Novice: 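Here it is, the structure, as structure tokens.
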There are 2 protein chains.
Amino acid sequence: MAEVMSARRLHGQALPYVVSHDPREPCAHCEVRGRSVCDAIPDRDLARLAAAAVTRDFPRGRVFIEEGQPAVDFFNMTAGTAKLFKMMPDGRQQIVGFAGAGHFLGLAVADNYAFSAQAVEPVRVCRFSRVKLQSVIHDFPALEQRLLETACNELVTAQETMLLLGRKSASERVASFLISWARVSGTCGHPRDRVHLPMTRADIADHLGLTIETVSRTLTRFRNEKRIRVNDASEITILDRAGLEALAAGE
Amino acid sequence: MAEVMSARRLHGQALPYVVSHDPREPCAHCEVRGRSVCDAIPDRDLARLAAAAVTRDFPRGRVFIEEGQPAVDFFNMTAGTAKLFKMMPDGRQQIVGFAGAGHFLGLAVADNYAFSAQAVEPVRVCRFSRVKLQSVIHDFPALEQRLLETACNELVTAQETMLLLGRKSASERVASFLISWARVSGTCGHPRDRVHLPMTRADIADHLGLTIETVSRTLTRFRNEKRIRVNDASEITILDRAGLEALAAGE
DNA sequence: CGCACACTTGAACCCCCTCAACCCAAGTGG
DNA sequence: CCACTTGGGTTGAGGGGGTTCAAGTGTGCG
């Protein structure tokens, strides 16, 4: 049933992946279902899930969740990368995380979003209305369990980020980021040595509690120390994984 | 059924609160049930919950959860205050949060604890074996829902802490901490102006990503600016709440 | 009393930030 | 085609907020 879809163009960039053309069974052929909370729903009930979902594409730069706004929708990322961030009145920004395909957004169960989300490369999401999804959750306790699991994993990540922001030096932060991003962006969680960085230096800085200049200088130092190779601004190769991991751990 | 228990002494400090003397119904008379996840269990099924729980007391300084150890137990705090922290090989420490009565510990669903917990004042907990509690969860979806809610709230707190650690100045951090601690430690969530600080300056520093000296200097400056009164080392009074709140928000 | 421990205060230092210049690639428009 | 702009990145020089190191001040407790 699934067919190869011609790459849909968004701001000159492609979203090259396979999707179903059958509007009756979008979830059944979803590429990221296996990595997302949706795999808690049994095959025969997928229509129920699909009925609550709408696909949406966002170009690079689009803010699709705004901190403080009423949380009327949940999102499941199916392609691309988004930054999740909080902002202070004077413009200071903290990126609390990057979200890739399979990531569930909107876990904050409160009435308003706790953070904003902006596409750093073209993003595709499944959008669920909150009330509809809650009725699905009600009927499938396994989904709730999966959400709890997800929330706990995010908590662990958040705690590691707090350690990074509170106690690590600039080079330890950048090393931690490279290792961790190589892991999460690698296929199926397997870390790769060639690492694509879709976000800008400013985004990395806003995630690590540093400035653009410090991130740039640190990457340059890593390059001089032969720990990494900088292929171009948005791709690096990890040459000394063990060294970076030790630095990241603070040993 | 409940009687006033003579204050039990732990390392010279009291745990002054009412508990049940009826060993058959500990949960039914639990003081903190209303503020904890346990209120998701209906009255008639409390015996089921009680059967999975054991009460434990820990003196000041006792580490009762160790990061990295197998997560065999969950804990529900019923009295006292604990610090939750991660440590680096060289001893650098980040306190990811403080837990008070009603706080559920062990949410990280992974096989090992993601952080350590240490009593900063005498602590009483309900300890649940993981397998027993999971069977209770299985039978009461409402409990799972409550845990998800809790996890989401902690996630929101964690994101605010990341903003603090990544982007706020020392005085903004201390102001944020005072305001936030006044809120969570106040009865029923109502902030009080007289704030008891059971943790040491070192703990505050390790929570805010600062040093003892900076915390001390900042409190002294707040005192000179008439924003707070320092009653003694472990109690301050907030004199200029609006000013501190504005500073905490970064305005 | 005297020791231990937590906290405070002072002075010097340093890591990272700030400010500024510059590079480079990709538009864009005449 | 070149001139110009724009956005992201790099590099350098100087300054500052917080740390480090050190000394001193309570304060509880044996």
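Below, read A as the first sequence line, B as the second, and so on, with proteins coming before strands; counting in each chain starts at 1. For the numbers below, each heavy atom of this structure counts, side chains included, while hydrogens, waters and symmetry mates do not. For clarity, every value in this text was computed on a predicted model and none was experimentally measured.
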Novice: In this structure, how many angstroms lie between the C1' atom of D:dG9 and the CG atom of A:D203, rounded?
Specialist: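 Going from CG in A:D203 over to C1' in D:dG9 covers 13 Å.
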
Novice: Tell me: CD1 of A:I212 to C1' of C:dA20, nearest whole Å?
Specialist: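 In whole Å, C:dA20 C1' and A:I212 CD1 are 14 Å from each other.
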
Novice: Could you check how far CZ of A:R167 sits from C1' of C:dC15, rounded to whole Å?
Specialist: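 Going from CZ in A:R167 over to C1' in C:dC15 covers 15 Å.
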
Novice: Can you tell me how far the OG1 atom of B:T220 sits from the CZ atom of B:R217, to the nearest 0.5 Å?
Specialist: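 The distance works out to 9.0 Å.
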
Novice: Within the sub-3.5 Å range, which N or O atoms of nucleotides 21-30 of chain D have a protein N or O partner, and how far apart are they?
Specialist:
residue	atom	partner	partner atom	Å
D:dC21	N4	B:E213	OE2	3.1

Novice: Taking only Lys NZ, Arg NE, NH1 and NH2, and the carboxylate oxygens of Asp or Glu, determine whether A:R92 and B:E172 approach each other closer than 4.0 Å.
Specialist: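 Yes, charged N to carboxylate O under 4.0 Å.
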
Novice: Rounding to an integer number of Å, can you tell me how far B:R173 CZ sits from D:dT19 C1'?
Specialist: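 Result: 13 Å.
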
Novice: In whole angstroms, how far is the C1' atom of C:dC7 from the CD atom of B:E235?
Specialist: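 Nearest whole value for this atom pair: 17 Å.
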
Novice: Only pairs at least two apart or in different chains count here, so list each side-chain hydrogen bond (donor to acceptor under 3.5 Å, both in side chains) that has a residue in residues 154-166 of chain B.
Specialist: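 Applying side-chain hydrogen bond (donor to acceptor under 3.5 Å, both in side chains) to every pair that reaches into residues 154-166 of chain B, excluding sequence neighbours, yields B:H103-B:E154.
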
Novice: Are A:F74 and A:F104 close enough that their ring centres sit under 6.0 Å apart?
Specialist: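 Yes: the rings meet the under 6.0 Å criterion.
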
Novice: Hey, which of B:R223, B:K226, B:R227 is the one that makes salt bridge (charged side-chain N to carboxylate O under 4.0 Å, His left out) with B:D240?
Specialist: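 For B:D240, the salt bridge (charged side-chain N to carboxylate O under 4.0 Å, His left out) check succeeds only for B:R227.
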
Novice: Between the side chains of A:R167 and B:D206, is the shortest nitrogen-to-carboxylate-oxygen separation below 4.0 Å, so that they form an ion pair?
Specialist: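 Answer for the salt bridge query: yes.
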
Novice: If you measure from the Lys or Arg side-chain nitrogens to the Asp or Glu carboxylate oxygens, is any gap between A:R241 and A:E245 under 4.0 Å?
Specialist: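 A salt bridge links A:R241 with A:E245.
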
Novice: How would you label the contact of A:R223 with the nucleic acid (heavy atoms, under 4.0 Å): base, sugar-phosphate, or nothing?
Specialist: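 Result for A:R223 = sugar-phosphate.
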
Novice: So does B:T220 get a side-chain nitrogen or oxygen closer than 4.0 Å to the phosphate oxygens (OP1/OP2) of C:dT9?
Specialist: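 Yes, B:T220 has a side-chain N/O under 4.0 Å of OP1/OP2 on C:dT9.
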
Novice: Evaluate the ring planes of A:F75 and A:Y113, with Trp represented by its six-membered ring, and classify them as parallel (under 30°), tilted (30 to 60°) or perpendicular (over 60°).
Specialist: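 It falls in the tilted class, 30° to 60°.
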
Novice: Taking atom P of C:dA6 as reference, at what distance in whole Å does atom CG of B:L219 sit?
Specialist: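 Going from CG in B:L219 over to P in C:dA6 covers 17 Å.
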
Novice: Please list each protein N or O that sits under 3.5 Å from an N or O in nucleotides 15-18 of chain D, with the distance.
Specialist:
residue	atom	partner	partner atom	Å
D:dG18	OP1	B:A170	N	2.7

Novice: Roughly how many Å is it from CG in B:L208 to C1' in D:dT19, rounded to a whole number?
Specialist: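 Going from B:L208 (CG) to D:dT19 (C1'), I get 15 Å.
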
Novice: Rounded to the Å, how far apart are B:R201 CZ and C:dT9 P?
Specialist: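 Atom-to-atom, B:R201 to C:dT9, this comes out as 11 Å.
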
Novice: In plain terms, say whether A:E225 and A:R221 are close enough for a salt bridge, that is, a side-chain N and a carboxylate O under 4.0 Å apart.
Specialist: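 Looking at A:R221 together with A:E225, the answer is yes, because their closest N to O distance falls below 4.0 Å.
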
